[in-house]
Amino acid sequence: MGSDALEDVRFVGYRRKLIEDIRARGINDLGTLQLFDRVPRHLFLPEGVRPRAYEDGPIPIGFGQTASQPSLQAHYLTILEPQSHEKVLEIGTGCGYLTALLCLLADRVYSVERVRELSQRSRRALDTFGVKNAALLVGDGTIGWRKYAPFDVTVVSAASPSIPSALVDQLAVGGRMLIPVGALDTQELVLVRKTGTEVTEEVLSGEVKFVPLLGRFAWGDEGSG
Ligand code: SAH
């Protein structure tokens, strides 16, 4: 605990720089920028890459996976606007950093990760950070998490060839979902909204590049894990 606190002091300046970098990417919402100031990203990263914790870029977190670029996550949050009474489903816990950001905004966050070690590491980091409203599950997020559905917000942090129907089914009326859809090398971000009986899909501008969503209703799961 003590060394984490010391490390935090050392990282404060870098965190300020990260917030400037996020702002430079066009995120001007003060609440979102302040949110990134509240979460010590280095806590969520493996020791070896901690010096790079406040770079605005993807970072390897082991198991062939990468933590997403913070400014992209900031962009996600400004689109989805999770509210303090809302339930969030996150697919791809990864290092748990976005989970932590979501926990500060929403009532409860349900996060599914297929790699057990990453989920366990995220649990420890979230405990150290001190959030109590995250539930983590090791499993295939392409089937969602039916037990706690419906969700007001769904964030998919891995790329899928199509939108898994379970995730749409488990969206609440008034719900919003962001998911990268496309090929293995590049994708587009799709914003799905559920209003009453209607479901709309909007392709947002710009290409993104995420690691593949591996599971029953995405890229398949053979030989990995
Ligand atoms: N927001 C996370 C992103 C991690 S990368 C972060 O910044 O750390 C995407 C994650 O999705 C990886 O950890 C990968 O293991 C996980 N993943 C891939 N397919 C999945 C699936 N079907 N269900 C749950 N998690 C999955």
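The shown structure was predicted, so the numbers you read here are calculated from the model rather than taken from an experiment. Read the numbers this way: they start at 1 and go in the same order the structure lists the ligands and their atoms.
Checking only distances, L214 does come within under 3.5 Å of ligand 1, N or O to N or O. For the pair L98 and ligand 1, the shortest N or O to N or O distance does not fall below 3.5 Å. Backbone and side-chain nitrogen or oxygen atoms of C95 are examined, and one is located within less than 3.5 angstrom of a nitrogen or oxygen of ligand 1. Geometrically, ligand 1 and R114 share a nitrogen or oxygen pair separated by less than 3.5 Å.
No donor-acceptor distance shorter than 3.5 angstrom exists from the side chain of K87 to the backbone of D107, with no hydrogens or angles considered. Looking at Q187, its side chain does come within 3.5 Å of a backbone N or O of F210 through a donor-acceptor pair. Side-chain atoms of R15 never come within 3.5 Å of backbone atoms of Y54 as a donor-acceptor pair (strictly under, hydrogens ignored).
Of all protein heavy atoms, the one lying nearest to atom 5 (S) of ligand 1 is T66 O, 3.0 Å. Annotation: atom 16 (C) of ligand 1 to nearest protein heavy atom, E113 OE1, 3.3 Å. Atom 9 (C) of ligand 1 has S157 O, 3.3 Å as its closest protein atom, hydrogens excluded (heavy atom only). When only non-hydrogen protein atoms are considered, atom 23 (N) of ligand 1 lies nearest to G141 N, 2.7 Å.
For P212 against W219, the heavy-atom pair with the smallest separation is CB-CD1, 3.7 Å. Of all heavy-atom pairs between S160 and L213, the closest is CB-CD2, 3.7 Å. For the pair A135 and W145, the tightest heavy-atom approach, listed with the atom from each and the gap, is O-CZ3, 3.5 Å. Between V153 and P82 the shortest heavy-atom distance is CG2-CA, 4.2 Å. Across S111 and T93, no two heavy atoms sit closer than the pair OG-OG1, 2.7 Å.
Under the 4.0 angstrom criterion for non-hydrogen atoms, T93 is in contact with ligand 1. Assignment of A218 to the shell around ligand 1 is not supported, since no heavy atom sits closer than 4.0 Å.
The ligand atoms of ligand 1 that sit less than 4.0 angstrom from a heavy atom of G139 are 23 (N), 24 (C). Atoms of ligand 1 lying under 4.0 Å from any heavy atom of V112, numbered from 1 in the order shown and given with element: 24 (C), 25 (N). Taking every non-hydrogen atom of L118 and a distance limit under 4.0 Å, the qualifying atoms of ligand 1 come out as 13 (O). In summary, the atoms of ligand 1 found under 4.0 Å from a heavy atom of G94, numbered by their order in the structure, are 4 (C), 8 (O), 13 (O). Atoms of ligand 1 lying under 4.0 Å from at least one heavy atom of A67, given by number and element, are 6 (C), 7 (O), 8 (O). Close contacts between ligand 1 and V115 involve ligand atoms 15 (O) [criterion: under 4.0 Å to a heavy atom]. Proximity to G92 (heavy-atom distance under 4.0 Å) selects the following atoms of ligand 1: 1 (N), 2 (C), 3 (C), 10 (C), 11 (O), 16 (C), 25 (N). Close approach of ligand 1 to Q73 is summarised as follows: ligand atoms under 4.0 Å from at least one heavy atom of the residue are 1 (N), 7 (O).
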Which pairs would a plain distance check flag for residues 22-30, meaning a side-chain donor or acceptor within less than 3.5 Å of a matching protein atom at least two apart in sequence or in another chain?
residue : atom : partner : partner atom : Å
D29     : OD2  : T32     : N            : 3.0
D29     : OD2  : T32     : OG1          : 2.6

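Note on E86 versus R176: salt bridge recorded, some NZ/NE/NH1/NH2 to OD/OE distance being below 4.0 Å.
Note that the CG atom of L98 and the SG atom of C103 stand 9.5 Å from one another [nearest 0.5 Å].
Sparse packing is recorded around OH of Y14, with 12 or fewer heavy atoms of other residues, nucleotides or ligands lying under 6.0 Å away.
Contacts with ligand 1 closer than 4.0 Å are made by side-chain heavy atoms of V211 only, the backbone lying farther away. By the criterion of a heavy-atom distance under 4.0 Å, the side chain of Q65, and not its backbone, is placed next to ligand 1.
Of the options G64, P212, S122, the smallest heavy-atom separation from atom 18 (C) of ligand 1 is shown by P212.
The side-chain contact (heavy atoms from CB on, under 4.5 Å) test with L167 singles out one residue from V192, V156, T142, and that residue is V156.
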